Colleague: 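Just passing along the structure, written as structure tokens.
It should be emphasised that the depicted structure is a prediction, and the values quoted were computed from it without experimental measurement. To find a chain, count down the sequence lines: A is the first, B the second, and so on, and within it residues start at 1.
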There are 2 protein chains.
Amino acid sequence: MTLTREQVEDTALGILTRFGLADLSMRRLARELDVQVGALYWHVKNKQELLVGVAARLLRGVEADTPTLEGAGAREVIAHLARGIRTALVSVPDSAEVVRVAQSLQSEALTPLNRLRSLLEAAGIENAAWAQHLVMNHVLGSIAATQEAARLATVDPAAATNPLGDDAFEWGLRVILDGLFGKAAPAEGLAGGP
Amino acid sequence: MTLTREQVEDTALGILTRFGLADLSMRRLARELDVQVGALYWHVKNKQELLVGVAARLLRGVEADTPTLEGAGAREVIAHLARGIRTALVSVPDSAEVVRVAQSLQSEALTPLNRLRSLLEAAGIENAAWAQHLVMNHVLGSIAATQEAARLATVDPAAATNPLGDDAFEWGLRVILDGLFGKAAPAEGLAGGP
DNA sequence: ACCTGAACACCGTTCAAGT
DNA sequence: ACCTGAACACCGTTCAAGT
């Protein structure tokens with residue numbers, strides 16, 4: 001029963017999920033797999049390539065959850081996809097950073113991000129690549145902020161700052177989509193009225 | 001002539017500017033200052049605290065460039081500040097990441113970011129803290145993308161992807177401000193008409 | 001083909017001991 | 001008060017040699 005790349009990536013994702021990116025070292029990974037460090041480099045070119053694989057795994061299944069959404073407008077489909085990406089990432093520590101690394105390393109490897117761009121293109125946005133980055137900067141940035149707040153709460157539960165969680169994400173998404181598609185009324189309430 | 005914290009931070013900023021964050025290690029810093037590594041820990045608690053200082057230095061002088069802007073609307077002043085922050089960072093490699101670390105470590109330490117929030121508040125934005133993050137995620141995200149593109153161009157000049165530089169930043173800023181303040185017409189052109 | 005053993009060139013942080 | 005010397009517990013990557 002020899003080591004496979006799938007095992008390596010799965011175990012890496014496991015360490016990330018349980019302990020965060022600081023603990024996801026090649027040596028720790030080797031220990032968890034009961035092999036020597038060098039063995040990993042037969043299955044993976046280097047750590048960065050491994051992280052691209054982990055990012056792809058994190059986002060696996062996001063597309064499946066985003067069918068045609070019959071009857072919904074382009075704006076709704078895009079918002080749905082953005083929420084799907086956030087949901088896939090928010091429970092895994094440092095996942096936003098991992099996706100950012102993967103995105104900058106090979107921008108075409110993450111399928112949900114490509115789908116986001118095509119949706120924006122299909123919606124008539126003149127510069128879909130820029131819009132894709134605009135949306136992703138918000139998604140990843142707000143995930144990182146949420147997780148950072150959670151981390152601080154673990155260290156010092158007394159310092160309960162304003163949440164900066166789900167509501168902040170929805171609000172920002174609304175602002176961006178308003179800017180892209182135009183809006184009926186200025187955003188006053190938090191997220192959606194009664 | 002003993003070592004000072006200012007010297008330490010200045011030299012750290014120098015290494016960052018010339019070689020990037022990967023080369024900004026405590027040991028490298030000590031070598032450049034002709035001291036032992038341990039000496040640094042007399043002037044600085046740890047590397048994270050040092051990075052907060054470096055981030056503050058990076059953003060020093062941004063406020064000075066943002067006076068009252070008499071006669072301009074709130075939207076213009078906010079856009080001007082966002083551009084000022086970008087200009088201060090875009091020429092220093094990995095500066096966006098350094099600012100992100102500092103921001104998450106002690107969110108009140110970077111004065112231009114506080115000023116951004118007050119401006120948004122004064123402009124009548126109901127949730128200025130969320131808006132501050134929304135704008136900063138765009139500013140820092142687009143800086144990182146610009147620098148990443150530049151880095152790839154250095155490695156492989158043939159792979160000249162679409163710029164993703166100044167124009168993308170201005171376009172995204174416009175979309176966000178449109179979403180926040182409302183807009184006259186949908187964003188069609190790239191950035192500003194004839 | 002796949003893995004071990006061992007090395008190379010690094011990290012951040014601490015701390016007794018010196019001046 | 002400020003710094004050295006030296007250690008502790010790590011890193012990512014490479015590569016001859018084994019099976």
Colleague: In whole Å, what separates the P atom of C:dA9 from that of D:dA9?
Modeller: 23 Å

Colleague: Can you see if the side chain of A:W42 gets near the phosphate of C:dC3 - specifically, an N or O under 4.0 Å from OP1 or OP2?
Modeller: no

Colleague: In terms of hydrophobic clusters joined by side-chain contacts under 4.5 Å, are A:V52 and A:L59 together?
Modeller: no

Colleague: Could you please spell out the steps behind the side-chain contact (heavy atoms from CB on, under 4.5 Å) verdict for A:E126 and B:W171?
Modeller: CA-CA 11 Å; A:E126 71 280 18; B:W171 181 87; 3.0 Å; yes

Colleague: Taking atom P of C:dA1 as reference, at what distance in whole Å does atom CZ of A:R5 sit?
Modeller: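 In whole Å, C:dA1 P lies 17 Å from A:R5 CZ.
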
Colleague: Could you go through the side-chain contact (heavy atoms from CB on, under 4.5 Å) check for A:Q147 and A:I143 one step at a time?
Modeller: CA-CA 6 Å; A:Q147 296 182 343; A:I143 289 172; 3.7 Å; yes

Colleague: Would you sketch DNA chain C in dot-bracket for me? Only Watson-Crick or G-U wobble pairs with both distances under 3.5 Å count, crossing pairs as [ ], other-strand pairs as |, the rest as dots.
Modeller: ||.|||||...|||||.||

Colleague: What's the separation between atom CG in B:L134 and atom NE2 in A:H138, rounded to the nearest 0.5 Å?
Modeller: 6.0 Å

Colleague: In whole angstroms, how far is the P atom of D:dA9 from the CZ atom of A:R28?
Modeller: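 Rounding to the nearest Å, CZ of A:R28 and P of D:dA9 are 17 Å apart.
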
Colleague: Grab the CG-C1' distance between B:L24 and C:dC10 for me, whole Å please.
Modeller: 15 Å

Colleague: Salt-bridged, A:D94 to A:R151, with N to O below 4.0 Å?
Modeller: yes

Colleague: Rounded to the nearest angstrom, tell me the gap between atom CE in A:M26 and atom P in C:dC8.
Modeller: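 My rounded result for the distance is 21 Å.
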
Colleague: Nearest to the B:Q36 side chain among D:dG12, D:dC2, D:dT4, which nucleotide is it?
Modeller: D:dT4

Colleague: Nearest 0.5 Å, what's the CG-CG distance between A:D178 and B:D178?
Modeller: 10.0 Å

Colleague: Let me know the distance between CD of B:E49 and C1' of C:dG12, rounded to the nearest Å.
Modeller: 14 Å

Colleague: Taking NZ from B:K47 and P from C:dC11, how many angstroms apart are they, rounded to a whole number?
Modeller: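 Nearest whole value for this atom pair: 9 Å.
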
Colleague: Between A:R27 and A:H43, just flag the one whose closest nucleotide in DNA chain C comes earlier from the 5' side.
Modeller: A:H43

Colleague: What integer distance in Å separates B:L29:CG from C:dC11:P?
Modeller: 11 Å

Colleague: In whole angstroms, how far is the P atom of C:dC11 from the CG atom of B:L40?
Modeller: 12 Å

Colleague: Supply the atom-to-atom distance B:T17 OG1 to B:L58 CG, rounded to the nearest 0.5 angstrom.
Modeller: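 Between atom OG1 of B:T17 and atom CG of B:L58 there are 7.0 Å.
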
Colleague: Counting primed atoms plus P, OP1 and OP2 as sugar-phosphate and everything else as base, spell out the protein contacts along nucleotides 14-19 of chain C at 4.0 Å heavy-atom distance: B, S or - for each nucleotide, 5' to 3'.
Modeller: BB----

Colleague: Measure from the side chain of A:T2, starting at C-beta and using heavy atoms only, and say which of C:dC2, D:dG12, C:dT13 lies closest.
Modeller: C:dC2

Colleague: Between CG of B:L29 and CD of B:E9, what distance do you get to the nearest 0.5 Å?
Modeller: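 Going from CG on B:L29 over to CD on B:E9, the span is 10.0 Å.
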
Colleague: Report yes or no: is the cationic atom of B:R174 (NZ for Lys, CZ for Arg) under 6.0 Å from the centre of the six-membered ring of B:F169, at an angle within 45° of the ring normal?
Modeller: no

